[in-house]
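Have a look at the structure below, then the notes.
For reference, positions follow the sequence shown, starting with 1. The model shown is predicted, which means the values in this text are computed figures rather than measured ones. Both counts, for ligands and for their atoms, begin at 1 and track the order of listing.
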Amino acid sequence: VCRDGAPIYDIVLEDSFDRLPEEMERLGSQGRKLCIVTDSNVAPLYLEAVEKLLSGCFSQVTSYVFPAGEEHKNLDTVKRVYEHLIQNRFDRKDWLAALGGGITGDLCGFTAATYLRGVDFIQIPTTLLSQVDSSIGGKTGVDFDCYKNMVGAFHMPKLVYANVSALKTLPPEQFSAGMGEVIKHGLIRDQEYYEWILENKEAVRNRELSVCRRLICGSNRIKRQVVEADPTEQNERAVLNFGHTLGHAVEKLKDFSMLHGHCVALGALAALDICVKRGMVPEAEADRYRETMEYFDIPVSVGGLTKEAVVAATKNDKKMEAGVIKFILLDRLGHAYVDRTVTDEEMKDALDAVMERP
Ligand code: NAD
Ligand code: ZN
């Protein structure tokens, strides 16, 4: 058990859902209603067990299941959850719980942030990406038209309860995508952690429980340190966006057919290329990172796009400030900073490192 005692909220790492009731009661669940929001893949795996466990801690436990997939992370789904809450007479003191991956967490968190001007919610993340990243930090939101995370709110969960055993049922490509963000945490903040991941890569790939637990603990610590220093992303929190400027552009141009964690890793590889060319990171490190991506089945190149299109797509990224892109670079392995001087030419050059020739 890793309880990361925190001023904002607790992150609890467990090997089962069994301690959920205890945690809920500790937070004062008695007499309240709970709505568990989950998607159509996670529901058949875990919903019944979680509902059963929690039924005694609340006056009523209901659930809302939405179809899995990014195309459902939108205001239509939020509206249906509002309708469900209204039908079940949820009021200001009732709670929501997000049981699932980052999509469920973002969607449920946004619903909680806005229903009756805000109700409490719990994160029960079940993907690697959500356990190490998206459930922590209070960013919630949904996509709007073709714009990702365009509508959202900062809304901190009351508790993050991660059952590491749930990773066993995660499809391999989803585990691989999660590793994209995990490795990023090491690159931007903690070289020691980065080396530890590389040393334990076999156990990580085999999803050995004890190693996964340490991995999630390590990543949580980094994400939380960065977030706590700058909760609303005025400056420092932006380092978490390493790999995201080019990654988001690729993700969007590929119509979200590539997984987010994979796009981010690819964006990080391109960003590392800029760091190498600026003499901040040795070339051998970029090679070692590429090999690590390959080890975790993360694609190291993308086809069917032009460099011009990718660079153009970075221009309507949310990370723009007064027309200048806040690009995240490493001035050394394990330390990221916000750079406002990256040119289109540098980005195009870097994209050569990750684009398949037509
Ligand atoms: P996801 O929620 O779609 O989960 C991935 C897939 O795995 C889904 O099909 C889901 O049904 C399935 N699944 C979930 N848990 C499972 C399990 N234990 N066993 C079997 N299948 C399972 O995607 P994700 O990768 O977790 O999250 C991606 C989303 O997170 C994106 O929308 C992204 O924008 C968002 N995100 C948010 C933040 C943030 O800070 N809020 C950070 C990073 C990413
Ligand atoms: Zn991300």
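Cation-pi geometry between Arg205 and Tyr295 is satisfied (NZ or CZ under 6.0 Å from the ring centre, within 45° of the ring normal).
Heavy atoms of Leu45 found under 4.0 angstrom from ligand 1 belong exclusively to the side chain.
In this structure, atom 34 (O) of ligand 1 lies nearest to the protein heavy atom Lys148 NZ, 2.7 Å. Looking from atom 22 (C) of ligand 1 to the surrounding protein, the closest heavy atom is Leu170 CD1, 3.7 Å. Counting protein heavy atoms only, atom 43 (C) of ligand 1 is closest to Ser134 CB, 3.8 Å. Regarding atom 4 (O) of ligand 1, its nearest protein heavy-atom neighbour is Thr127 CG2, 3.5 Å.
A side-chain donor from one of Glu356 and Ser301 sits under 3.5 Å from a side-chain acceptor of the other.
Nearest heavy atoms, Arg207 versus Lys168: NH1-O, 3.8 Å.
Checked against the 6.0 Å centroid threshold, His155 and Phe121 count as a close aromatic pair.
Atom OE2 is the N, O or S atom of Glu181 at the shortest distance from the Zn ion (ligand 2).
Distances from the Zn ion (ligand 2) show that Asp133 has no N/O/S atom below 2.8 Å.
Here atom 21 (N) of ligand 1 lies nearest to Pro171 when heavy atoms of Pro171, Gly137, Ser40 are compared. Proximity annotation for atom 44 (C) of ligand 1: of Asn41, Leu129, Thr169, Leu129 comes nearest, heavy atoms only.
Using a 4.5 Å heavy-atom threshold, the side chains of Leu13 and Cys217 count as touching.
Ligand 1 has an N or O atom lying under 3.5 Å from an N or O atom of Thr126, backbone or side chain. Between Val42 and ligand 1, no pair of N/O atoms sits closer than 3.5 Å.
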